[in-house]
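Beneath this line is the structure, given in C-alpha cells, with notes to follow.
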Number of protein chains: 2
Amino acid sequence: MKRDKQRRLERAGWRVSNTAAFLGLTATEQRFIDLKLALAAGLRQLRERQGLTQAALAKHLGSSQSRIAKLEAADASVSVDFMIRSLISVGAGPAEIAKIIRTAAAHKAA
Amino acid sequence: MKRDKQRRLERAGWRVSNTAAFLGLTATEQRFIDLKLALAAGLRQLRERQGLTQAALAKHLGSSQSRIAKLEAADASVSVDFMIRSLISVGAGPAEIAKIIRTAAAHKAA
DNA sequence: CGCCGCTATGTCATCTTTGACATAGACGGA
DNA sequence: TCCGTCTATGTCAAAGATGACATAGCGGCG
C-alpha cells in the first residue's frame, strides 16, 4: 500500500488526481483516494453547516478532535468506515452520502 | 462494537434493519450496517454480471476467495474500505457506487 | 456414486486503524 | 501583547481488519 505517498501528497497540498500517475498509484487507488477526498470535504461541510466544532463532533462520535481533523484532511490513517460513520452521525442519509460520492466524479470529466 | 450481533443476525438470515432495535444497536450503527449490506449486494451483482468467480476477483484484487465470500456476506470482519476498493476494481465509478448506496435507503421508507 | 468448480466459514499471524494525549499553529478579542 | 477557541500533526498501545490457508457444503455432470 502506498499510504505514505498519499499522505505526503496531501500534506503538500496536492490534489491526488493530478499527480497520481507520476507516482506508482494504480487506477483503483487513484479513484479510491478521490472518493476519500470527496467524503472528507462532504463531512467538513456538513459539520460546519451545523455549527459544530471538531471537538463537539468527536465527542458525539466517541472519538477525539485530532481524529476528526485527520478525517477532514483525508489523512491516510482514516478509513472510509470512519468517514461514513461520521457522516451518518451528522445526519447524512444514504441519499446525501451518495450525492457526496458522486462529486468525486467531477474532475474525471475535467 | 456489536459486530458479533450483526454477524449472528446475518447468519440467521435476518435483515438487520428489522431487528436492530431489539438489540443494542444505535441508529448510526443500523444505518451503517444497512449501507454495508447494500454494498455487499452491489458487489455480488457486478461480479456475477461480469462472469467472474470469487476466486478470480480475489486474485485481481490481491486477496483471497474467502475474503470475497465474507465481503458478499457483509461479514463484520470486512471494512467498507475493502468493499469500495472491490467495487472500483470491478469497474464501478462514483456514479455506480452512489447508486448502490442510495438503494440502502429503500427499506427506510418501507 | 465420485469428482469438480464454486462458495461458505473458521482460525491465525501480521499489518492497519483507533482513541487518547501532547503539542503547535491560526485567528480574534481584550 | 496575552488569552481563549478552534484546528493540525505526531506518537503510541490497544483494537480491528487483512490475506492465507484449511475445510466444509452444494450443485451438476460423468
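We name chains A, B, ... by the order of the sequence lines, and we start the count at 1 in each one. Keep in mind that what you see is a predicted model, and the values were worked out from it rather than measured.
Atoms CE (B/Met83) and P (D/dG16) sit 17 Å apart, rounded to a whole Å. Between B/Arg85 atom CZ and D/dA17 atom C1' there is a gap of 12 Å when expressed in whole angstrom units. Separating the CG atom of B/Leu52 from the P atom of C/dT7 is a distance of 10 Å, rounded to the nearest angstrom. In this entry the distance linking NZ of A/Lys59 with P of D/dT5 reads 15 Å, nearest Å. In this structure, the CG atom of B/Leu61 is 8 Å from the P atom of D/dG19, given to the nearest Å. Nucleotide D/dG16 holds its P atom 16 Å from the CG atom of B/Asp81, rounded to whole Å. Spacing between atom CD of A/Gln54 and atom P of C/dA26 amounts to 15 Å, rounded to whole angstrom units. Atom P of nucleotide C/dG19 and atom CD1 of A/Ile68 are separated by 8 Å, given to the nearest angstrom.
Distances were taken from every side-chain heavy atom of A/Phe82 (C-beta onward) to each of C/dT17, C/dG19, C/dA8; the shortest belongs to C/dG19. Candidate nucleotides D/dA8, D/dG19, C/dA20 were compared by shortest atom distance to the side chain of A/Glu72, and D/dA8 ranks first.
When the salt bridge (charged side-chain N to carboxylate O under 4.0 Å, His left out) test is applied to B/Arg67, no partner is found at least two apart in sequence or on another chain.
Checked by distance alone, B/Ser66 brings a side-chain donor or acceptor within 3.5 Å of a matching partner on the base of D/dC21. Side-chain atoms of A/Lys70 and base atoms of C/dG19 include no donor and acceptor less than 3.5 Å apart. Residue-to-nucleotide contacts include a donor-acceptor pair under 3.5 Å from the side chain of B/Gln65 to the base of C/dA8.
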Just distance, no hydrogens or angles: give the donor-acceptor pairs under 3.5 Å from side chains in residues 89-100 of chain B, sequence neighbours left out.
unit_1  : atom_1 : unit_2  : atom_2 : d
B/Ser89 : OG     : B/Ser86 : O      : 3.3
B/Glu96 : OE1    : B/Gly93 : N      : 2.9

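At a threshold of 4.0 angstrom between heavy atoms, the contacts of A/Thr53 are confined to the sugar-phosphate backbone, with no base atom among them.
For the pair B/Glu29 (side chain) and B/Thr26 (backbone), a donor-acceptor distance under 3.5 Å is present. A donor-acceptor pair is defined here as one N or O able to donate and one able to accept, closer than 3.5 Å; no such pair exists between the side chain of A/Asp81 and the backbone of B/Ser79. When atom types are taken as modelled, the side chain of A/Lys59 and the backbone of A/Gln65 share no donor-acceptor pair closer than 3.5 angstrom.
Listed by residue number, B/Arg44, B/Arg47 are the residues of residues 44-51 of chain B with a heavy-atom contact under 4.0 Å to DNA chain C.
Applying the 4.0 Å criterion to OP1 and OP2 of C/dT17, one finds that A/Ser77 has every side-chain N and O outside that range.
B/Arg85 approaches A/Thr28 most closely through the heavy-atom pair O-CG2, 4.0 Å. Closest approach of A/Asp75 and A/Lys36 over heavy atoms only: O-NZ, 3.8 Å.
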